[in-house]
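Working notes for the structure below.
A note on names: the letters A, B, ... follow the listed sequences, proteins ahead of strands, and every chain is numbered from 1.
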2 protein chains.
Amino acid sequence: MSIDSKIKEVKKCPVQYVLAIQEAMNAIQGKWKVHIIASLLFGPKRFSEIQKSVGRINPRMLSKELKELELNGIIKREIQNISPVVIEYSLTESGCKLKKVLDAMIDWGIEHRVISLKKLKHGK
Amino acid sequence: MSIDSKIKEVKKCPVQYVLAIQEAMNAIQGKWKVHIIASLLFGPKRFSEIQKSVGRINPRMLSKELKELELNGIIKREIQNISPVVIEYSLTESGCKLKKVLDAMIDWGIEHRVISLKKLKHGK
DNA sequence: CAGCATCCTCACCGATACTG
DNA sequence: CAGTATCGGTGAGGATGCTG
């Protein structure tokens with residue numbers, strides 16, 4: 001079965017529907033996952049670079065989140081065999097495709113804020 | 001400024017980017033929010049109907065999640081003045097628009113699963 | 001029917017210090 | 001640089017029983 005028809009099928013069944021969503025939720029939930037993914041959308045980075053760009057995350061958390069993202073197939077960890085050794089993190093194919101999800105969330109987030117403000121003004 | 005240009009602007013700035021995403025994350029995070037929203041996408045429902053359709057959620061949790069969703073402007077709670085009194089929950093305008101986000105997550109979720117399985121087969 | 005009150009537990013997360 | 005080890009707080013969420 002093609003992916004497209006599979007998608008259509010899932011959208012009809014409430015149970016499958018929620019399961020597929022949770023697959024995506026898993027990928028981005030946790031306090032830092034979105035920050036890390038967003039950071040890597042701007043290009044591959046090393047551990048300390050991510051740490052800087054994310055801000056105020058401690059190494060234990062960063063290490064943990066990176067491991068989970070890697071296990072989930074969102075990012076990949078590569079050891080460059082140049083000297084000195086450099087370890088670089090980057091998004092996988094799946095990881096890159098998450099951008100569509102994040103973009104949909106941004107569109108909604110901004111629209112939602114606008115709608116909420118409008119209702120406040122009108123005293124609703 | 002129009003919403004569209006506001007969206008374009010936000011997507012350029014990493015900080016704004018993540019903030020807008022978290023606006024959306026807030027709306028759907030929690031163990032039951034997606035279930036509840038998905039349930040209400042099929043039409044307005046009463047407390048006990050939601051409870052049945054979601055399955056195994058206890059009333060305390062359902063009550064709490066519904067309150068949060070209402071406060072966030074995702075659902076509305078309406079008391080029908082017929083006798084006996086009926087209390088009905090339904091999605092707001094913003095709530096309905098969340099469907100786009102959920103659909104994007106489903107698309108990604110299914111594709112991601114397919115990609116992962118392929119890699120397993122090829123022994124990567 | 002549509003919730004609220006209470007108690008409890010465990011996973012999430014932070015701070016700090018240490019290592020190859 | 002790229003992490004690991006240890007300790008400790010807090011809050012999300014479960015179980016159960018009660019109420020207008």
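Between B:Tyr89 and C:dG3 there is a side-chain N or O to OP1 or OP2 distance below 4.0 Å. The shortest distance between the side-chain N/O atoms of B:Lys31 and the OP1/OP2 oxygens of D:dG14 is below 4.0 Å.
An end-to-end axis angle of 50° holds for the helix from C:dC1-D:dG20 to C:dG20-D:dC1, taken from five base pairs per end and rounded to 10°.
A:Gln80 places its CD atom 16 Å from the P atom of D:dC1, with the value rounded to the nearest Å. Between the CD1 atom of B:Ile79 and the C1' atom of C:dC1 there is a distance of 13 Å, rounded to whole Å. If you measure from atom CD of B:Glu88 to atom C1' of C:dA2, you get 14 Å, rounded to the nearest angstrom. Note: NZ (B:Lys64) to P (D:dA15) measures 14 Å, nearest angstrom. Taking atom CG on B:Leu62 and atom P on C:dC1, their separation rounds to 13 Å, with Å as the unit. When rounded to the nearest whole Å, the span between CH2 of B:Trp32 and C1' of D:dG13 equals 10 Å. The CD-C1' distance, from B:Glu68 to C:dC4, rounds to 15 Å in whole Å. The nearest whole Å value for the distance from the NZ atom in B:Lys67 to the C1' atom in C:dA2 is 11 Å.
Nearest to the side chain of B:Arg46, among C:dG14, D:dG13, C:dA2, sits C:dA2. Which of D:dA12, D:dG3, D:dG14 sits closest to the side chain of A:Phe47 comes down to D:dG3.
Applying the ring pair (Phe, Tyr, Trp, His ring centres under 6.0 Å) rule to pairs touching residues 38-80 of chain A yields nothing, sequence neighbours excluded. Residue pairs that meet the salt bridge (Lys or Arg N to Asp or Glu O under 4.0 Å) test with at least one member in residues 30-46 of chain B, sequence neighbours left out, are B:Lys33-B:Glu65, B:Lys33-B:Glu68.
Note that OH of A:Tyr89 and CD of A:Glu70 are 7.0 Å apart. Values are rounded to the nearest 0.5 Å. How far CD1 of B:Ile36 is from CG of B:Leu62: 5.0 Å, rounded to the nearest 0.5 Å. Atom CD1 of residue B:Ile74 and atom NZ of residue B:Lys97 lie 12.0 Å apart, to the nearest 0.5 angstrom. Note: B:Glu93 CD to A:Ser116 OG = 10.0 Å, rounded to the nearest 0.5 Å.
Considering A:Leu66, A:Ile57, A:Ile75 in turn, A:Leu66 is the only one that fulfils the side-chain contact (heavy atoms from CB on, under 4.5 Å) rule with A:Ile50.
Near DNA chain C, meaning a heavy atom under 4.0 Å away, there are no residues from residues 34-44 of chain B. Listed by residue number, A:Asn58, A:Arg60, A:Met61 are the residues of residues 48-61 of chain A with a heavy-atom contact under 4.0 Å to DNA chain C.
For the residue pair A:Gln29/B:Gln29, the side-chain donor-acceptor check at 3.5 Å is not satisfied.
Here the side chain of B:Thr92 pairs a donor or acceptor atom with the backbone of B:Gly73 at under 3.5 angstrom.
In this structure, B:Leu102 and B:Leu41 have side chains that are in contact, with non-hydrogen atoms separated by less than 4.5 Å. By the 4.5 Å heavy-atom criterion applied to side chains, B:Trp108 and A:Leu98 are counted as neighbours.
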Name every donor-acceptor pair, under 3.5 Å, that has one atom in a side chain of residues 8-27 of chain A and the other anywhere in the protein, sequence neighbours excluded.
{"from": "A:Lys11", "atom 1": "NZ", "to": "B:Asp107", "atom 2": "OD1", "distance (Å)": "3.3"}
{"from": "A:Gln22", "atom 1": "NE2", "to": "B:His35", "atom 2": "NE2", "distance (Å)": "3.2"}

